Amino acid sequence: MKYAYFLLLAAVTGLSGCATQSSLDVVRSDVDAVKTRLFSVEKDLGGVRDESKQGIGSIEKEYKSDVTAVRKLSADIQASMDSLKAEIQALNGKADDLAIATKKPTDDLARYREDADKRMLTLEDRVMKLQAAMDELGKKLGDLASQPKKEEVVTPESAYTKGLELFKAGDMPGARDVFTKFLDKYPQHDLAANAQYWIGETFYSEKGYEPAILAYQEVIKQYPTKDKVPAAMLKQAMSFRAIKDTKSARYVLKKLVEGYPKSDEAKKAKELLKEIK
């Protein structure tokens, strides 16, 4: 029985391959082999039944419990036979389907290939159009890149703002360069004193105290009426203190308090005077 089942399983597995005439012949051959095996099994079963009857008659009185076991075995064999017959019927049905499939014309395959070719041509046409559009766009971008850029209009205010931005970003040399050019170009501008003050701040931030002192002095000397003078004096005094010139630091702080007593810088100057001995 197990052998017949394996033959059936091999036949069903064979059906999952390509639906060709040769495979159909193989399946039919397997079906015939299974049928032959089934006939043999049925014959053997008849013999088993006869032997069972004889055996049961001789040992019925002594081994009644064995009769039940034999009946159960017979029922199992019959159930296996029924199952095998059902599977053979299903196998025959699949074989018929396979025969129909092998006879189906190849028109569907031809139509599919024709449709695929049309789609490929359509895609190639779209690719060509997209490529042409990309080439045109690249040409336009190249033309734009080759055009001379319009010069940015620089105003005194924009130049001054650029210097402040560089200072805030920590680029002291860059900020100093911008403020220096600002003074060269706009020496009388209202922001000139501020630009000079920020030049001093760039040096101070770099701990270049001596050039910072000179830069602050330019604010005091060149722009005495501007609001940046008290701030320049305070930072100049702090620069003197940084280089241990306390005498000069005290002198500048006193001048700041006397000249600008109401300024915020004067208040800070008084506090520094208390610290400087």
Side-chain angles (χ1 to χ4, degrees), residues 137-138 140-277:
L137 179 60
K140 290 182 179 179
L141 291 175
D143 293 341
L144 289 174
S146 62
Q147 292 180 359
K149 296 182 180 180
K150 294 181 180 180
E151 292 186 2
E152 183 181 356
V153 178
V154 180
T155 64
E157 290 75 14
S158 65
Y160 179 82
T161 301
K162 181 179 179 181
L164 284 180
E165 290 175 349
L166 291 172
F167 181 86
K168 292 177 181 179
D171 184 2
M172 300 305 161
R176 185 160 54 244
D177 181 65
V178 171
F179 287 127
T180 300
K181 290 179 179 178
F182 178 92
L183 291 173
D184 292 340
K185 195 170 183 179
Y186 312 106
Q188 303 302 322
H189 195 275
D190 289 341
L191 293 172
N194 294 54
Q196 182 62 49
Y197 172 82
W198 286 111
I199 290 174
E201 288 291 270
T202 62
F203 285 121
Y204 189 89
S205 297
E206 295 174 333
K207 297 184 179 181
Y209 300 115
E210 292 182 353
I213 290 170
L214 297 177
Y216 293 132
Q217 184 61 32
E218 286 297 310
V219 178
I220 299 168
K221 179 180 177 181
Q222 300 295 335
Y223 311 100
T225 61
K226 297 295 182 179
D227 295 337
K228 279 294 181 182
V229 172
M233 294 180 70
L234 178 62
K235 294 304 291 283
Q236 187 182 54
M238 293 173 64
S239 299
F240 276 124
R241 184 185 182 188
I243 62 174
K244 310 299 182 182
D245 188 351
T246 56
K247 182 177 180 181
S248 296
R250 289 181 61 82
Y251 173 80
V252 175
L253 291 172
K254 288 180 180 180
K255 295 285 290 185
L256 172 56
V257 173
E258 293 172 1
Y260 305 92
K262 296 182 180 181
S263 66
D264 292 336
E265 288 79 8
K267 294 179 182 179
K268 294 179 181 179
K270 290 178 182 179
E271 294 175 0
L272 286 175
L273 283 170
K274 292 178 182 179
E275 296 176 6
I276 299 174
K277 302 298 183 180

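Here the structure is a predicted model, which is why all the values come from computation and not from measurement.
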Discussion item. Could you report the tightest heavy-atom contact between Val219 and Val229, atom names first, then the distance?
Written reply: O-CG2, 4.1 Å
Discussion item. Looking at every heavy atom in both Ala212 and Gly200, which two are closest together, and how far apart are they?
Written reply: CB-O, 3.6 Å
Output a table of donor-acceptor pairs, distance under 3.5 Å, between side-chain atoms of residues 253-263 and any protein atom two or more places apart or on a different chain; print 'none' if there are none.
residue : atom : partner : partner atom : Å
Ser263  : OG   : Tyr260  : O            : 2.8
Ser263  : OG   : Ala266  : N            : 3.1

Response to the item:
Sorted by chain and residue number, the side chain to side chain contact (heavy atoms under 4.5 Å, CB included) partners of Pro156 (sequence neighbours excluded) come out as Phe182, Tyr186, His189
Discussion item. Just verifying a value: how many Å separate Ser239 OG and Phe203 CZ, rounded to the nearest 0.5 Å?
Written reply: 11.5 Å
Worksheet item: Pairs in or reaching into residues 168-177: which pass side-chain hydrogen bond (donor to acceptor under 3.5 Å, both in side chains), with residues at least two apart or in two chains?
Response: Arg176-Thr202, Arg176-Glu206, Asp177-Lys181
Fill in: Distance, nearest 0.5 Å, that separates NZ of Lys247 from CD1 of Ile276
14.0 Å
Worksheet entry | Criterion side chain to side chain contact (heavy atoms under 4.5 Å, CB included) on Phe240 and Val252, from CA distance to verdict | CA-CA 9 Å; Phe240 276 124; Val252 175; 4.1 Å; yes
Fill in: Candidate pair Arg250 and Leu272, rule side chain to side chain contact (heavy atoms under 4.5 Å, CB included), full reasoning
CA-CA 8 Å; Arg250 289 181 61 82; Leu272 286 175; over 6 Å; no
Discussion item. Has Ser158 got a side-chain atom pairing as donor or acceptor with Thr155's backbone, closer than 3.5 angstrom?
Written reply: yes
Discussion item. Could you report the tightest heavy-atom contact between Ala159 and Val178, atom names first, then the distance?
Written reply: O-CG1, 3.3 Å
Discussion item. Let me confirm one number: the CD1-OH distance from Ile213 to Tyr204, rounded to the nearest 0.5 Å.
Written reply: 10.0 Å
Item to complete: Apply side chain to side chain donor-acceptor pair (under 3.5 Å) to Thr225 and list each qualifying residue two or more places apart in sequence or on a separate chain.
Response: none
Discussion item. As an exercise, state the distance from CD1 of Ile199 to CG of Asn194, rounded to the nearest 0.5 Å.
Written reply: 11.5 Å
Fill in: Over all atoms of both residues, closest heavy-atom pair of Ala232 and Ile220
CB-CG1, 4.3 Å
Discussion item. Quick check: Tyr160 with Phe179 (ring centres under 6.0 Å apart)?
Written reply: yes
Worksheet item: What is the minimum heavy-atom distance between Ala249 and Ala237, and which atoms define it?
Response: CB-O, 3.4 Å
Worksheet item: Please, which pairs that meet salt bridge (charged side-chain N to carboxylate O under 4.0 Å, His left out) have at least one residue in residues 263-276, sequence neighbours excluded?
Response: Arg241-Glu275
Fill in: Summary of side-chain hydrogen bond (donor to acceptor under 3.5 Å, both in side chains) pairs that have at least one residue in residues 208-224, sequence neighbours excluded
Glu201-Tyr216, Gln217-Gln236
